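In the text below, chain A, chain B and the rest are named by the order of the sequence lines, each starting its count at 1. Predicted model only: the values in this text are computed from it and were never measured.
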There are 2 protein chains.
Amino acid sequence: MEDITKRPIGIFDSGVGGLTVVKEILKELPKEDIVYFGDTARVPYGSKSKEVVYNFSCQIINFLLEKNVKMIIIACNTVSSNCYEELRQKFPNVPIIEVLGQGVNSAISYTKNKKIGVIGTEATIKSGRYEQKIKENLKEAKVYSRACPLFVPIVEEGCLNDNISYWVSKKYIEDFKEFDIDTLILGCTHYPLLKDSISNFVGENINIINPAIPTALTVKKYLIENNIQNLYGGKCEFFVSDKNDKFDFISSMILNKECNAEKINIEKY
Amino acid sequence: MEDITKRPIGIFDSGVGGLTVVKEILKELPKEDIVYFGDTARVPYGSKSKEVVYNFSCQIINFLLEKNVKMIIIACNTVSSNCYEELRQKFPNVPIIEVLGQGVNSAISYTKNKKIGVIGTEATIKSGRYEQKIKENLKEAKVYSRACPLFVPIVEEGCLNDNISYWVSKKYIEDFKEFDIDTLILGCTHYPLLKDSISNFVGENINIINPAIPTALTVKKYLIENNIQNLYGGKCEFFVSDKNDKFDFISSMILNKECNAEKINIEKY
């Protein structure tokens, strides 16, 4: 009989940002095998419609299932917020965990004054799913959301602590101070890399939530409870829909190593 | 017999930037029918590989041929610079004109000191085709090229004359002064919208070339010489692979009107 513990965990994102989730998973579960897919040919998802994002995600999940994954982590907030339920219905036979729900749970446990900020891509914010999910679990919460479309491209240009990241953060974040939030969710996997620039404008006493961290803890708990944790692996495989220098550049920034990603044709799935 | 003059001109780009080419075509040829396709589901092309860009372009040309176009204008510099020759070979029965060659001709006629700057997306600059094409026509030319990946996203955020466009222009353009260029080619259809920010850093006496302008003149000349100019049309149809507010926002900036684009599934072509 096949040993399910040895099957890999599938993780996907619109591009390279999801590697911040891989990073946290590797901290908690260094002996799991991982198959990562980044849709670098069609990135970014954040400005695309729900229908397009859903179709791309189905292709990716089909690819990961072919890799025999035992569970799937949606690292992409745009996918999480736009089509998590639809994907669970479409693929009922594989457990799917998404970053968004984990970020929400974490924010709710941190907030004291129940005023929570959320920043993300246009599609994530437009979906309203962070706000909806927060209010489902904390009815009195006030949620302040903001789309920050330039954060992903400036991270991908390596502008992490310079005049550009300063002015872009100021543009998006400055007036959050007026809202008196005590918790801010980084609703996009690229944003943890801008944490310093962002803190400048929200103030030091704000809890800044990186949903990758609670996601990793939830995955670990799930594997242990279901007795499917791998204690003998540790192999990471990276796949992309297009190969260029950027993936290597950013994977070095995030994981401190190059990933040597393999290119596949995702449109055929 | 079908009247070829009445068939539309096909124009395509990775997204909305190509509307700056439509704008110049409409100035020169207001009575032509136009079919525009913007690949908004897969934009940007500038950070993608040659193979992916070629495959996307073939799908788009198949779509335009189905629309019975009499000629095709590649408004996208990334496509122009990476696969113009391959596309001409693949589609020998329709005339194809590209922005890159027109920009080069114009720069060569303007330059006095034979020092020419070129700015564009990563893929455009990496292809080396601007430099190669300039030197084919002006052997002694010195060409200074620079990829400016943040220009497209900041234009799409409407950052045209603010601190962000200032610092981003400074990052990419400031040291062009040292090169003593007298001509700068805007090798991306979005860049004409940043002309003011860019001029700040290259100085007032530099000829800034928007390749859309000579492209429109070349198209007009071609239609007249081949006796296929339309004098009785003027209808513009806009198609996109994904529909969102951005297309309307930017088309308003460029064409001073909304385009009411229709969404189609480009992957089936």
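With a threshold of 4.5 angstrom between heavy atoms, Lys170(A) does not approach chain B through any atom at all. In this structure, chain B has no heavy atom under 4.5 Å from any part of Glu156(A). Only the backbone of Thr40(A) comes within contact range of chain B, judged by heavy atoms closer than 4.5 Å. Heavy-atom distances place the side chain of Phe56(B), and not its backbone, under 4.5 Å from chain A. Only the backbone of Lys243(A) comes within contact range of chain B, with heavy atoms under 4.5 Å apart.
Glu98(A) places a side-chain N or O within donor-acceptor distance of the main-chain N or O of Gly101(A), the cut-off being under 3.5 Å. In terms of modelled atom types and a separation under 3.5 Å, the side chain of Ser241(A) and the main chain of Ile266(A) share no donor-acceptor contact.
Cation-pi check for Arg129(B) over Tyr84(B) is not met; the charged atom does not lie both under 6.0 angstrom from the ring centroid and within 45 degrees of its normal.
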Hey, mind stepping through Tyr144(A) and Phe176(A) against ring-ring contact (aromatic ring centres under 6.0 Å, His included) and telling me if it holds?
CA-CA 8 Å; Tyr144(A) 302 90; Phe176(A) 265 95; 7.3 Å; no
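Note on Lys263(A), Glu122(A), Arg42(A), Glu157(A): by heavy-atom pairs under 4.5 Å with chain B, the leading option is Glu157(A). Counting heavy-atom pairs closer than 4.5 Å to chain B, the top residue among Val168(A), Asn55(A), Val152(A), Val53(A) is Val168(A). When each of Val52(A), Asp39(A), Asn163(A) is scored by its heavy-atom pairs under 4.5 Å with chain B, the top score falls to Asn163(A). Of the listed residues (Ile154(B), Asn265(B), Leu150(B)), the one with the most heavy-atom contacts under 4.5 Å to chain A is Leu150(B). Chain A forms the most heavy-atom pairs under 4.5 Å with one residue out of Pro44(B), Ala41(B), Pro153(B), and that residue is Ala41(B).
Summarising the geometry, atom CD1 belonging to Ile34(B) is positioned 7.0 Å from atom CZ belonging to Phe238(B); distances are rounded to the nearest 0.5 Å.
Among Tyr172(B), Tyr166(B), Trp167(B), the one residue that satisfies the ring pair (Phe, Tyr, Trp, His ring centres under 6.0 Å) test with Phe201(B) is Tyr166(B).
Remark: the Asp162(B) side chain and the Ser165(B) side chain contain an N/O donor-acceptor pair separated by less than 3.5 Å.
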